[in-house]
4 protein chains.
Amino acid sequence: MKHCTRQDTPRWERRKEDRPQEILCAAVQVFGEKGFACAKLEEVAKKAGVSKGTVYLYYPNKEELLKSVVREYVSPIVNTVRAEQSQQQNQSCAAQIEHAIWQWWQKYGSTELSAITKLILNESASFPELGRFFYEEVIRAWWIYLQEILDKGVKSGEFSPIDTEYAAKVLCSPLVTLAVWKRSMDVCCDTHTDPQRYIKAHVQWCFMGCNPKHPPNRNHTARFGRIWPYPRQTPAKAPHGL
Amino acid sequence: MKHCTRQDTPRWERRKEDRPQEILCAAVQVFGEKGFACAKLEEVAKKAGVSKGTVYLYYPNKEELLKSVVREYVSPIVNTVRAEQSQQQNQSCAAQIEHAIWQWWQKYGSTELSAITKLILNESASFPELGRFFYEEVIRAWWIYLQEILDKGVKSGEFSPIDTEYAAKVLCSPLVTLAVWKRSMDVCCDTHTDPQRYIKAHVQWCFMGCNPKHPPNRNHTARFGRIWPYPRQTPAKAPHGL
Amino acid sequence: MKHCTRQDTPRWERRKEDRPQEILCAAVQVFGEKGFACAKLEEVAKKAGVSKGTVYLYYPNKEELLKSVVREYVSPIVNTVRAEQSQQQNQSCAAQIEHAIWQWWQKYGSTELSAITKLILNESASFPELGRFFYEEVIRAWWIYLQEILDKGVKSGEFSPIDTEYAAKVLCSPLVTLAVWKRSMDVCCDTHTDPQRYIKAHVQWCFMGCNPKHPPNRNHTARFGRIWPYPRQTPAKAPHGL
Amino acid sequence: MKHCTRQDTPRWERRKEDRPQEILCAAVQVFGEKGFACAKLEEVAKKAGVSKGTVYLYYPNKEELLKSVVREYVSPIVNTVRAEQSQQQNQSCAAQIEHAIWQWWQKYGSTELSAITKLILNESASFPELGRFFYEEVIRAWWIYLQEILDKGVKSGEFSPIDTEYAAKVLCSPLVTLAVWKRSMDVCCDTHTDPQRYIKAHVQWCFMGCNPKHPPNRNHTARFGRIWPYPRQTPAKAPHGL
DNA sequence: AATGAATGAGTCTTCATTCAT
DNA sequence: TATGAATGAAGACTCATTCAT
C-alpha cells in the first residue's frame with residue numbers, strides 16, 4: 001500500500017552516467033553565450049537540471065569545467081579529421097587541404113562549440129592558463145596538421161615552395177574569423193554571412209589567390225618597417241596620436 | 001597662500017579638458033585586453049592617472065564608458081580607412097592590394113586602435129548598436145574598398161574571375177586574426193607571432209595561394225550542406241549532436 | 001546466487017558490530033588533527049573504510065559523533081590513569097613522580113589517546129559537558145594522584161614545603177604541551193621535538209629547576225596585580241589596552 | 001541653512017586612520033572566540049562597525065588579517081620585555097627569568113591576545129602556513145630569549161648545567177597551558193584557576209622544582225624506549241588497542 | 001572638480017546532511 | 001544495511017558604484 005504523496009516526484013534522481021555529459025553540454029551553451037568570466041556555474045547547473053553542488057561533484061572548478069569541454073568535445077575533432085584523411089592518402093594534397101577546411105566547418109565551426117574559440121580569443125589575456133591550454137590542445141594540433149599537408153605538397157612539388165608554418169596560420173584565420181563573425185557581427189547586423197560561400201571563396205583563394213598575371217614585386221614589402229610591439233603611449237597623450 | 005593664476009599652473013589648466021580623453025585612452029587599452037566583463041574600472045583609472053571617482057565624473061557607468069570608448073575611437077579608424085582609399089590609383093591592382101594590406105597593418109593593426117576591433121568583436125553581441133555602427137562605418141568601408149580593387153582587377157583581366165565580395169572578406173580575415181592574436185595568444189603563450197612574416201605569408205597566399213598543379217574539383221564542396229544557424233540542442237540530448 | 005551463511009563470510013558477520021568502533025577510531029584521529037570545525041565527515045568515513053552515509057547510520061550528526069568519540073575514548077583514558085595510580089608505593093616520592101611522568105608519556109601521551117586531550121582543550125568551550133566530564137574523570141584524577149605523592153613527600157620531609165595543588169598542575173603542563181605540540185607545531189614546522197629529551201629536561205626541572213645559587217625574592221611577584229578575567233574592550237577603544 | 005534630513009547620519013564615515021586598529025581589535029575577539037576556521041570576516045566587520053568590503057580594504061584576506069594581528073600585537077611583546085630587561089642587566093639571571101614569566105602573563109597571557117596561542121595550537125595542522133608564521137614570529141623569539149638567559153646563568157655558574165634549549169621549552173609550557181586552560185576548562189568547569197597562584201607555583205618550581213633530598217637516578221629514564229611517532233593503527237582494529 | 005574610503009550585491013566554492021538506489 | 005550522488009545553505013572574496021571629505 002503506497003501513499004501517493006510528493007514522494008512520487010523525488011527531489012532528485014541518481015544519474016551518475018549521464019550527468020557529466022549533461023553538465024558539459026550545458027557548459028558549452030553558457031560559456032558560449034556569456035564567455036568564461038561571465039558564465040555563472042549556477043546557470044550551467046540549472047540548464048543541466050542539477051544543483052550547483054552537483055557540478056562540483058564532477059568538475060573541481062570553473063576552469064576545469066571549461067577544459068573538460070575542450071578535452072571532451074573540441075580536442076578530438078582534429079584527430080577525427082586526421083583519421084578520416086589517412087584513409088585517403090592517395091588524394092592530392094590540395095584535396096586534403098580542402099577536405100580539412102570543410103571538415104573544420106562541419107565538425108566545429110558550424111556548431112555551438114566554435115563559441116569556445118571566440119571565448120578563448122577574448123579572455124586568454126585575463127586567464128592565461130586557459131589560453132595556453134587551448135593553444136596546446138587545439139590550435140597547435142590544427143596548425144601542425146595543416147602544415148604537414150602543406151609540407152608534403154611542397155616536397156612532392158605539388159605546391160610552390162612557401163613558408164608552410166605561417167601559411168598554415170594564414171590558412172586557419174578565415175575559419176576563425178568566420179566563427180567569430182557569426183557570433184558577433186551577424187548577431188547585431190543584417191550581414192547574414194553565408195558560410196558556404198565564404199568557405200568556397202576561402203578555398204579558391206587558397207589555391208590561386210586572385211591569380212594575377214603580374215604579382216607585385218616581392219621586395220616591395222621591405223619598405224614597411226614597423227614591428228610589434230609598438231611603443232605604448234602614455235595615458236596623458238592625446239588619443240588621436242594613436 | 002598659493003596663487004593659482006593661469007601663468008603659475010599652466011599644466012593644470014588644460015587638465016580639465018584632457019581628462020575625458022585620457023580616461024578613454026586608458027579604457028580602450030583595458031577593455032581591449034580584458035574584455036568588458038573583466039575590465040576593472042580601477043585599472044582604467046590607474047592607467048589614466050586619475051582616481052576611480054573621477055571616471056564616474058565623466059562617464060555614468062561602465063557600460064557608458066565602453067560606448068564612449070567605441071564612439072570616440074571609431075572616428076580615427078574611419079579616418080584611417082578613408083585615407084587609404086584614395087591612393088595608388090595608377091598602380092596595378094595587385095600592387096594596390098598589397099599596399100592596402102601593409103598599410104592596414106602599419107596604420108591600424110599594429111597600433112592601439114586595433115584593440116577596438118577585438119573589443120567590438122567581443123561585445124557586439126551584447127551591445128548591438130555598437131556593432132552596427134562599427135560595421136557600417138569601418139568594416140563595410142574597408143570591404144568595399146578592397147572589393148573595388150578586386151572588381152577592377154577582374155574587369156581588366158588582371159585577376160581571375162572570383163567572388164569578389166566574399167574574397168574581400170577572406171582577404172581581411174588574416175589581418176583581423178593577426179591583430180586579435182597579438183592581443184590574446186601572444187600574451188599568454190610563447191608564440192611570438194612575427195607580424196612581418198605573417199603578412200608576407202598572407203600576401204603570397206593572396207596572389208597564388210599554395211599554387212597547386214591540380215586544384216581540387218570545385219564541385220567537391222557541394223557535399224557539405226549544413227547551414228547556419230544550426231538548431232540548439234537541449235541539455236538532455238546526447239552531446240554527440242554537438 | 002550466493003549463500004551468505006555465517007561460515008561462508010565470517011568476516012562480514014562481525015563487520016556490523018565493529019562499524020561504530022571503526023568510525024569512532026577514525027573520528028578521533030580526524031577530530032584530533034583538524035578540530036571539530038575543520039574535520040570533514042568524508043575524511044572520517046574514508047579513514048574508517050565506509051561511505052559517508054554509513055557514518056550517519058550510526059551517529060545522527062557531526063556533533064553527536066564528536067560526543068560519542070569523547071565518551072567512548074575517555075573511558076580507556078580513565079582506566080589508564082587509574083592503573084597508574086596504584087603502583088610503586090614503596091619507592092621514594094621523587095621516583096614515583098618520575099615514574100608517573102614517564103608512564104604518562106608511554107601509556108598515554110605518545111598514543112592516539114592524547115589526541116583526545118587536544119580535542120577537549122579545543123572544544124570544551126563549545127561543548128561544556130564534554131569538558132566537564134573529561135575534567136572530572138581524567139584531569140582531576142591525575143592531579144589528585146600527583147598531588148598525593150607531592151603531599152606525601154612534603155610531609156615526610158623529602159620535598160620542600162610547596163603549594164602542592166598548583167605544583168601538580170604545573171607538573172602536568174609540560175606533558176600536555178608536548179602532546180599537543182607533536183600534533184600541531186611539529187606537523188607544520190621542522191621543529192621535530194624530541195620527546196625523550198623534552199621529558200628528561202622536564203624531569204630534571206622538576207627536581208631542581210635551574211638550581212640557582214640565589215633564588216629571586218619571593219615577594220617580587222606581589223608587584224603584578226592584574227587578575228582574570230580582564231574587562232573586554234570595545235572595538236573603538238585604543239588597542240593598546242589589549 | 002541646513003536641512004535636517006537623514007544626511008545628518010551619514011551611511012558611513014571616512015576614518016582611514018582608525019580603521020586598521022578597529023578591525024584588528026575586532027579580529028582578536030572573533031578569532032579568539034571562534035578560532036581561525038570558524039571566524040567569519042563578516043562578524044569581524046560588524047564588530048568593527050564596518051562592512052565586509054572594508055576589511056578587505058585593509059587586509060587582503062583572512063590569513064593576512066590574523067597575521068597582522070600577530071605582527072601588530074603579539075610579536076612586539078617579546079621585544080618590549082627584552083628592552084625593559086636590558087636596562088636591568090645587573091640583575092641575577094633568576095630574577096630575569098622570573099621577570100620574563102610575569103611579563104609574559106601581564107602583557108600577553110592575561111589579555112585577550114593569548115587566545116591566539118590556543119587558536120594556533122588548534123589549527124596549525126590545518127593551516128600550516130599560519131603555524132609556521134606564528135612559530136617563527138612569536139614562539140621561537142620567546143624560546144631564544146629565555147634560552148639566552150639560561151645560557152648566561154649556566155655560563156656564569158649561577159645555574160646548574162642543564163639542557164638550556166629544552167629547558168626553555170619546558171619553562172614556557174606552563175604559561176601556554178595556563179592560557180589555554182583559562183579558555184577551555186575554566187570556561188566549562190568551576191575550576192577557576194588562580195593565575196597568580198599558578199605562576200607563583202611555576203616560578204618556585206623553576207628555581208627548585210620540589211627540591212628533593214635524594215633526586216632519582218638520572219639513568220632511570222633509559223628504561224623507557226618508545227619514541228615518537230608511534231605506529232598508526234588501522235581503523236579496523238579495536239580502538240582499545242590504542 | 002577630485003579623491004579614494006566605504007559599501008554590499010553577486011559569485012565561486014565547500015561540506016554537513018539527505019535520500020534514491 | 002550500505003552507498004555515494006545530490007542538495008543547498010553558508011562563507012570568502014571581488015568590484016561596480018556611492019559618497020563623505
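Every chain is numbered from 1, with letters handed out A, B, ... down the list of sequences.
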Hey, what do you get for CG (A:Leu66) to CD1 (A:Ile116), rounding to the nearest 0.5 Å?
-> 5.5 Å

Between atom CD in C:Glu42 and atom P in E:dT18, what is the gap in whole Å?
-> 16 Å

Indicate, with a heavy-atom threshold strictly under 4.0 Å, whether D:Ala37 touches base, sugar-phosphate, or nothing.
-> nothing

D:Glu13 CD - E:dT7 C1' separation (whole Å) = 14 Å

Touch class at under 4.0 angstrom, heavy-atom based, for C:Ala45 against every strand present = nothing

Interatomic distance, A:Trp12 CH2 vs E:dT21 C1' [rounded to whole Å] = 8 Å

Quick one: OG on C:Ser126 to CD on C:Glu63, what's the gap to the nearest 0.5 Å?
-> 9.0 Å

Just jot down the side-chain hydrogen bond (donor to acceptor under 3.5 Å, both in side chains) partners of D:Glu64, sequence neighbours excluded, or say none.
-> D:Arg71

Got a sec, which residues hit side chain to side chain contact (heavy atoms under 4.5 Å, CB included) with D:Lys34, two or more places apart in sequence or on another chain?
-> D:Val30, D:Cys38, D:Ala39, D:Glu43

Does A:Cys38 or C:Phe36 map to a spot on DNA chain E nearer the 5' end, using the closest nucleotide for each?
-> A:Cys38

Whole-Å distance separating the NZ atom of D:Lys34 from the C1' atom of F:dA12 = 16 Å

Pairs: protein N or O with nucleotides 8-10 of chain F N or O, under 3.5 Å:
from   : atom 1 : to      : atom 2 : distance (Å)
F:dA10 : N6     : A:Lys52 : NZ     : 3.3

So which of residues 56-64 of chain A are in contact with DNA chain F, with a heavy-atom cut-off of under 4.0 Å?
-> A:Leu57, A:Tyr58

Taking atom P of F:dA2 as reference, at what distance in whole Å does atom CG of C:Asp18 sit?
-> 11 Å

Mind checking side-chain hydrogen bond (donor to acceptor under 3.5 Å, both in side chains) for B:Ser68 and listing every partner two or more places apart, or none if nothing turns up?
-> none

A:Glu42 bridged to A:Lys40 by N-O distance under 4.0 Å | no

Any stem touching DNA chain F, meaning at least three consecutive Watson-Crick or G-U pairs under 3.5 Å, ordered by first number, would be E:2-21 with F:2-21

Under 4.0 Å between a side-chain N or O of C:Arg19 and OP1 or OP2 of F:dT1?
-> no

Nearest-neighbour nucleotide for the C:Leu41 side chain, E:dA16, F:dT3, E:dT3 considered | E:dA16

Protein-nucleotide distance (A:Phe127, atom CZ; E:dT11, atom P), rounded to Å | 14 Å

Among all residues two or more places apart in sequence or in another chain, which pass the side-chain hydrogen bond (donor to acceptor under 3.5 Å, both in side chains) test with D:Glu72?
-> none

Residues in side-chain hydrogen bond (donor to acceptor under 3.5 Å, both in side chains) with D:Glu129, at least two apart?
-> D:Lys67

Interatomic distance, D:Glu43 CD vs F:dA12 C1' [rounded to whole Å] = 15 Å

Pairing residues for C:Ala45 by the side chain to side chain contact (heavy atoms under 4.5 Å, CB included) criterion, not counting sequence neighbours = C:Val50, C:Val55

Kindly write out the residues that satisfy salt bridge (Lys or Arg N to Asp or Glu O under 4.0 Å) with C:Lys62, not counting sequence neighbours, or none if the list is empty.
-> none

Determine which pairs satisfy ring pair (Phe, Tyr, Trp, His ring centres under 6.0 Å) with at least one residue from residues 31-55 of chain B, sequence neighbours left out, and list them in order.
-> B:Phe31-B:Phe36, B:Phe36-B:Phe127

Please give, in whole Å, the distance from E:dT11 C1' to A:Leu65 CG?
-> 15 Å

Please list, chain by chain and in numerical order, all residues satisfying side chain to side chain contact (heavy atoms under 4.5 Å, CB included) with A:Tyr58, sequence neighbours excluded.
-> A:Lys16, A:Arg19, A:Pro20, A:Ile23, A:Thr54

